[in-house]
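All of these numbers come straight from a predicted model, not from anything done at the bench. The basis for the numbers below is simple: all heavy atoms, side chains too, and nothing from hydrogens, waters or symmetry mates.
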Amino acid sequence: MKNGIISMLLIGCLLLCCGESDKFLIQWSPKNPVQGDAIAIRYNAQHENALIKTASKVNLIAEIIYPDSSATIVMPMQQEGNIFTATIATGEDAIFLGFKLEDDQGHTEDNDSRGWNLLFRDLSGMVVENGYYELGKTWDGASRSGAPPLYAKALESYQKELKAYPENFHVFGSIWKILIRLAEKQEDSSSDPSSLEHSELRALSDLETSFEWAKMAKTPGEIRRRIPAVLDSLLNLYPKNEDALKLAFDLYLMFLNNKPKAIYYGEKFLLEYPSSPDAATVAYYLIFLKYRDSRLEQVQKLESLLKDYPAFKSKEFVYMRLANNYMMLQKPEQAQEAYLKTIEANSEDLTGYLAVANGYIQNGKLEEAKKYVMQAFDQCTIENSQKLYPWINGMDRLQRLKWDEAGINSTLAKVRFEAGDYEGAIQNRVKALELGTQFPAWEWEGIGNAYLKLDNKQQARDAFFEALSINAQQEGALNALIQMYRAEFGSDKGFEDYLDRTLFSHKKKTAKPAPDFEVKKLDGTGFRLSENKGKIVVIYFWATAAEHCLKEIPALNDLVQHFRNNPNVIFLAISIEKKSALDKIAAEANFLYQQCYLGDQAMKTLDVLGFPTHIIVDGNGLERFRQIGYIPGVEQTLGKKINSLLSELTS
């Protein structure tokens, strides 16, 4: 932090607005703070719109933005009757303050996911530079997870920033991104303006004259083509401006996808502004632009980066990259050292602790591994999560904490398994499953392996089949069942029939209802799972940029053709991409599945973690099959499952 230290003070009672204590939900004072002011915040738990009413503990979660840093504060509020109070002391160079409230049950008071946001003024009463910019980010969704973007309000804030500070060039990048998003929405709505919010269309049409070029552009492609010309004009007008050059690098790197231009402007930036606070970040990204295909050169350049920029704020990312590259280069000792430095750089990130623990497990140092697992447990707290992810919804944060705790239990299970404590390993994996782990097939495979060590073959077999019922290609479980079959029958003969028959029976007994979801199809109609009972729904989650997904399309088309005359089978392909992008690729590939776009919510509802993923839901709405990842011959596997489920429909 630049000038001063953030301090936190609790206060008992604020003497504000006598006679109005029962009318407010949130109050703060002063209303228009000057840099350095302490902000007194008051919350009325008995207000008719209050979401937190009966909590024993309410935390204030605040984020303060400074010129070169930010700070997240989590502090308990003091309660007096129905009123909760707290005061935040800010630094003399504070730019922006956002805050929300959260109780220990995950209930959140967050002003429709955006928090309450205060802009600081200087002594002359003017909003300080980047204040309106930070406010704009809360409106366009860039800094508030879970809040839908309101582009009109974002553009209004960005334009206020430029009016007050015309040379604040990074604001241009945010504006241009909004223009492209709006054009994409217009394109995805099949040129039907009525399907867009009126305020968004007005935001596009009411741009000030400096954006006349944007008003004339009708497609995302046109806007992208015009941005470089406007960018060149800025660079010509301000040839010695650090922010303008950084803007050029950022846009070509992350938005215009022009690698040569990004490298050119990145190297130019480092040459002209080697002492800039942004120099280390630019140098970091240049490494991956220039040495993408060489892990060895990446390692060398990352090590040099740490020496050249010892004060780099994001060291943990560099160490994590180094560690991963060392692992790929089969240098486990160097990888372990880098993982340890990841923890030194950020002691609150659980990823580093578990990476270190897994490294020690591989080296047989089980006591060391256990020590870091237990430290991970110590870090897995609601308070740390609030600091790391301040704008996540409280309920979502609790779910993430459960996933983190599940991952820690899974790692502890590995330690116990290697130490010969197989009962303990099973207990930890069962706990991971109870917590709702994102990787249940791995946990069941681990449970099966532990039961094998205990010579409990039936329990092991059941666990392996449970793993395969979650992911039909869970390799470790499949190999274990093959070994058990060979031991019993002396060969692999008949194994595939045994596997299909037993797995089908197991999945039928343990199948759970697939959660309902709704998606939009490219032809303009919608699809809701619950409206298709009595039919077999074959679902494919895919991405047009995933090579393996594109590889599967011919085989999946053959599958559709095979069942084309059966009205009881529906083939549905769901992508999270926009209509405009999906339309083109699906048409070029002649993909015969019914195509659905913007399927983010469906993906979340069905707990899909990656692409490709195949799911089959039977006529009773039960999930009967799931395969994760690319496997040649998938159409044969899917075909067998569909035929079996069709037999059930007619029996």
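- Looking at heavy atoms from C-beta onward, Ile382 lies in side-chain contact with Leu401 at the 4.5 angstrom threshold.
- Side-chain atoms of Leu499 and Leu478, non-hydrogen and from C-beta on, do get closer than 4.5 Å to each other.
- Checked by atom type and distance alone, the side chain of Thr613 never pairs as donor or acceptor with a backbone atom of Leu609 at under 3.5 Å.
- Using a 4.0 Å cut-off between charged side-chain N and carboxylate O, Glu63 and Lys100 make no salt bridge.
- Ion pairing between Arg397 and Glu102 holds under the 4.0 Å rule for side-chain N and carboxylate O.
- At least one donor-acceptor pair under 3.5 Å links the side chain of Arg114 to the backbone N or O of Thr138.
- For Trp444 and Phe465, the ring centers are positioned 6.0 Å apart or more.
- Interatomic distance, CG of Leu645 versus CG of Asn620, reported as 10.0 Å (0.5 Å rounding).
- Contacts classified as salt bridge (charged side-chain N to carboxylate O under 4.0 Å, His left out) and involving residues 411-431 (residues at least two apart or in different chains) are given here: Arg416-Asp421, Arg429-Glu443.
- In this view, Lys508 and Glu648 satisfy the salt bridge (charged side-chain N to carboxylate O under 4.0 Å, His left out) rule, not counting sequence neighbours.
- Other residues, nucleotides and ligands place more than 12 heavy atoms under 6.0 Å from the NZ atom of Lys521.
- At least one side-chain heavy atom of Phe527 sits under 4.5 Å from a side-chain heavy atom of Val537.
- Salt-bridge formation is detected for the pair Lys457/Asp455: a Lys NZ or Arg NE/NH1/NH2 atom is positioned less than 4.0 Å from an Asp or Glu carboxylate oxygen.
- Aromatic ring centres of Phe541 and Phe611: separated by at least 6.0 Å.
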